[in-house]
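A short worksheet on the structure shown next.
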Amino acid sequence: MAYQAHRKKIFRETFELVDENGAIVHSFPVSLDPDSVVKNLSAKHVDLIRALKDVQSADPETDPGAALAVLGKSTIEMMEAVFGKQDAATILAFYDSRYMEMCQEVLPFITNFVIPEVRKIAKENKQQVLARYGRKKRIFGK
């Protein structure tokens with residue numbers, strides 16, 4: 001009997017931009033592959049949280065917009081980590097300088113769906129690797 005090595009299914013989700021009339025204007029495939037996304041996504045998420053805290057604690061008298069600029073940059077970098085540069089640019093163009101609306105619509109998809117799903121898939125992959133290692137130990141007695 002031959003040993004078989006299998007490729008894993010790549011998990012994908014579709015993100016759609018819908019205009020005010022309910023028509024789908026753009027549709028983006030989003031890869032939920034932990035191997036390629038998790039490290040960059042986690043770092044960008046930490047940067048976004050840090051920037052958000054800075055905005056909340058910024059003094060509008062002494063810091064009129066610098067913290068918001070950092071938050072905007074972090075938001076765009078987070079979108080690029082999930083969608084890629086080209087699709088993130090398309091999303092920015094779709095919202096046409098309505099950044100608050102964009103953040104209210106796009107960031108929940110990333111923080112409430114993409115990040116938890118990627119973490120869940122990574123955890124499942126780790127458990128499968130550990131289970132196979134344990135199986136090898138039992139089979140070969142090592």
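Please read these numbers as outputs of a predicted model, since none were measured by experiment.
Here the CE atom belonging to Met102 is positioned 10.0 Å from the CE atom belonging to Met100, to the nearest 0.5 angstrom. Remark: Ile49 CD1 to Met78 CE distance equals 7.0 Å, nearest 0.5 Å. With values rounded to the nearest 0.5 angstrom, Phe11 atom CZ is found 8.0 Å from Lys120 atom NZ. Note that CG of Asp96 is 10.0 Å distant from CD of Glu101, once rounded to the nearest 0.5 Å. Taken from NZ in Lys85 to CG in Leu92, the straight-line distance is 11.5 Å, to the nearest 0.5 Å. Rounding to the nearest 0.5 Å gives a distance of 6.5 Å between CD1 of Ile76 and OH of Tyr99.
By the 4.5 Å heavy-atom criterion applied to side chains, Phe15 and Val82 are not counted as neighbours. Residues Glu13 and Phe113 are in side-chain contact: their nearest non-hydrogen atoms beyond the backbone lie under 4.5 Å apart. Contact of the Glu105 side chain with the Tyr95 side chain is registered, since non-hydrogen atoms from C-beta on lie closer than 4.5 Å. Side-chain contact between Met79 and Lys44 is absent, with no heavy atoms from C-beta onward closer than 4.5 Å. Residues Leu48 and Leu71 are in side-chain contact: their nearest non-hydrogen atoms beyond the backbone lie under 4.5 Å apart.
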I'd like to know whether Thr90 forms a side-chain contact (heavy atoms from CB on, under 4.5 Å) with Phe83, so could you lay out the CA-CA distance, the side-chain angles of the two residues, the decisive distance to 0.1 Å, and finally the verdict. CA-CA 10 Å; Thr90 302; Phe83 300 106; over 6 Å; no
Go through it in stages, so that I can follow the logic: the residues are Val30 and Arg12, the test is side-chain contact (heavy atoms from CB on, under 4.5 Å), and I'd like the CA-CA distance, side-chain angles, deciding distance and then a yes or no. CA-CA 5 Å; Val30 177; Arg12 296 189 196 281; over 6 Å; no
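Of all heavy-atom pairs spanning Ser74 and Asp47, the tightest one is OG-O, 3.7 Å. Residue Thr75 comes nearest to Cys103 through the heavy atom pair CG2-SG, 3.8 Å, listed as atom of the first residue, atom of the second, then distance. Val70 approaches Ala51 most closely through the heavy-atom pair CG1-CB, 3.9 Å.
The side chain to side chain contact (heavy atoms under 4.5 Å, CB included) test with Ile24 is passed by exactly one of Asp19, Val18, Thr14: Val18.
Within a 6.0 Å sphere centred on CD of Gln127, other residues, nucleotides and ligands contribute more than 12 heavy atoms.
Val46 and Ile115 end up in different hydrophobic clusters when Ile, Leu, Val, Met, Phe, Trp and Tyr side chains are linked at under 4.5 Å.
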